[in-house]
Amino acid sequence: MQELTQFIHTLKEDPLTGAISTPIYQTSTFVQDAPGVNKGFDYSRSNNPTRRQLENLLAELEGGVAGFAYSSGLAAIDGILKLLQTGDEILAVEDIYGGSFRMFEKVYRKFGITVKYVDMCDAENVLYHISDKTRLVWLETPTNPTLKIADIRKIATISHQYDALLVVDNTFCSPYLQKPIQLGADIVVHSATKYLAGHSDVIAGAVVVNHEELAKEIKFHQNASGAILGPFDSWLTIRGIQTLPLRIRQQSDNALKIARFLVNHELVDKVYYPGLEQHQNHHIAKEQQNGFGAMVSFSFKEDTIEHAKQFVSSTRYFKLAESLGGLKSLICHPATMTHKSTPKEIKHKAGIQDSLVRLSLGIEDATDLIQDLEQTFELIKAQRLTDTTRETAATLS
Ligand SMILES: *Cc1c(COP(=O)(O)O)cnc(C)c1O
């Protein structure tokens, strides 16, 4: 089955009624024929038919053996961390998502779980830092917001040499662009809030695992802790996933056009996009991804917070908001928004300059988006001009 077909036809009609759209089983419990005798469902924290459909769909699309849907991406991440014990170590990508960093440092560290953060653009770094205590290797590729790429296949091999599991946060790519399990990862995690659901209307998380043993453990913790995705949100996520290929193709097309436009702009310093040939790991992205994704970041030649802040507040179609992966293009200023609480040294080490701007491309027409950016750059230019005129006037008077 070709991929576009798979996204639509993996989902079967409802066996009970033939409903082509998965029914929303908005129920907490299921009537039993006799104690312990039921139709496969007893209580919706443990199992729910709508969530089950979504979980099967996730497993199928990521090429794993089982999928699990959670109330948020962070709940999904929490569900994976519960595999660990005191004394275990995580080797994590250095510019990891802020919420994962917070959970590692503020929640799990006090239980004796330690985390080392390393640059994984070069797989040799993983080999250098991994140890017998490493239980999980935690990768994001591309990273946020500077879109660094790591070689999943190489890092999987290294992880397995040390009996560690490789976890890949696949939020930025979605299973349409990247299938980490096929490249050797053991666990894939998503903020389904982003590309999977795709319409900026739900908070959801997903985990997919590559073998039964892991599936049992994750299932146990999902049920024991209870941060499951509700039936309606499961339905919204299913509905979103079916158009994922179409959305992400258009979004990635837009991203490449925008990245090329930015590279040539006189006010722009660096452009971060794995689809550009000058990107450090462009060849790895080309090899392991089925497209380059829809996130683009750039910085200004004049690296000031003011430029970036004015820019992100002045666009017309790019809406100023956190999050990504929706139908409408979004813009944000990582230094004062998503990475506000990241210590300055870490921010700079990760390449998060003061003037860095992050774009999440939507499905609009690229012509309108480019025009929007063009006009906003003109505004910044005009502002600079008034600033210098004022300064000159001040020195003269
Ligand atoms: C948003 C995000 C998360 C957290 O997901 P929520 O659904 O907001 O809990 C995790 N990882 C990445 C890469 C994200 O972008």
Side-chain angles (χ1 to χ4, degrees), residues 51 54 58 62 67-82 90 92-108 115 117 120 136-150 152 166-175 177-178 180 185 187-208 222 225-230 233-234 236-237 240-241 244 248 251 255 272 274 289 293-297 321-326 330-332 334 337-342 350 352 358-361:
R51 194 176 90 228
L54 170 62
L58 290 165
E62 285 287 1
F68 303 91
Y70 292 84
S71 55
S72 70
L74 280 175
I77 289 167
D78 186 57
I80 297 169
L81 294 180
K82 287 190 166 115
I90 304 172
V93 66
E94 86 184 332
D95 34 7
I96 190 166
Y97 174 69
S100 311
F101 178 78
R102 181 175 55 202
M103 192 180 298
F104 292 171
E105 295 303 316
K106 299 279 168 69
V107 181
Y108 280 91
V115 188
Y117 300 91
M120 296 194 181
L136 298 180
V137 174
W138 199 284
L139 185 57
E140 280 173 32
T141 177
T143 61
N144 175 33
T146 55
L147 291 309
K148 288 191 196 150
I149 301 284
I152 298 176
L166 175 61
V167 181
V168 177
D169 184 331
N170 202 24
T171 300
F172 269 41
C173 269
S174 87
L177 294 184
Q178 179 167 275
I187 304 177
V188 171
V189 61
H190 279 278
S191 168
T193 310
K194 317 290 170 54
Y195 290 102
L196 283 172
H199 292 68
S200 310
D201 54 10
V202 63
I203 299 284
V207 170
V208 177
Q222 186 196 33
S225 298
I228 45 99
L229 192 63
D233 287 351
S234 295
L236 280 173
T237 308
I241 286 174
L244 177 67
I248 213 152
Q251 287 165 317
Y272 301 92
Q289 296 177 205
M295 300 298 295
V296 179
S297 297
E322 299 201 4
S323 198
L324 54 122
L330 299 180
I331 190 164
C332 90
M337 294 170 70
T338 51
H339 290 67
K340 193 177 172 179
S341 48
T342 311
I352 303 166
R358 187 188 79 177
L359 306 174
S360 161
L361 279 306

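The structure displayed is predicted, hence computed values, not measured ones. Each ligand, and each atom within it, is numbered from 1 in the order the structure gives. Heads up: numbering here begins at 1 and tracks the sequence.
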Ligand 1 and K194, any nitrogen or oxygen pair closer than 3.5 angstrom?
yes
L324 side chain reached by R358 side chain, heavy atoms, under 4.5 Å:
yes
Between T193 and ligand 1, which residue portion shows a heavy-atom distance shorter than 4.0 Å: side chain, backbone, both, or neither?
side chain
Backbone N or O of D95 within a donor-acceptor pair of the N144 side chain at under 3.5 Å?
no
Return a yes/no value for G73: is any of its N or O atoms, backbone included, closer than 3.5 angstrom to an N or O of ligand 1?
yes
Do any nitrogen or oxygen atoms of I203 lie less than 3.5 angstrom from nitrogen or oxygen atoms of ligand 1?
no
Are F101 and Y117, when compared by the centres of their aromatic rings, separated by less than 6.0 Å?
yes
Within a strict 4.5 Å, meaning less than it, do heavy atoms of the L166 and I152 side chains meet?
yes
Going by heavy atoms, is N144 under 4.0 Å from ligand 1?
no
With heavy atoms of D169 as the reference, note each atom of ligand 1 found under 4.0 Å away.
10 (C), 11 (N), 12 (C), 13 (C)
Closer than 4.0 angstrom, basic N to acidic O: yes or no for E140 and K148?
no
Note the single closest protein heavy atom to atom 3 (C) of ligand 1, along with its residue, its atom name and the distance in Å.
Y97 CE2, 3.3 Å
Apply the test side chain to side chain donor-acceptor pair (under 3.5 Å) to residues D78 and Y70: give CA-CA distance (whole Å), side-chain angles for both, the deciding distance (0.1 Å), then the verdict.
CA-CA 10 Å; D78 186 57; Y70 292 84; over 6 Å; no
Polar proximity ligand 1 side, S100 side, N/O cut 3.5 Å exclusive:
no
Cut-off 3.5 Å, side chains only: do S323 and K194 have a donor facing an acceptor?
no
State the atoms of ligand 1, each with its element, that fall below the 4.0 Å cut-off from a heavy-atom position in A204.
7 (O)
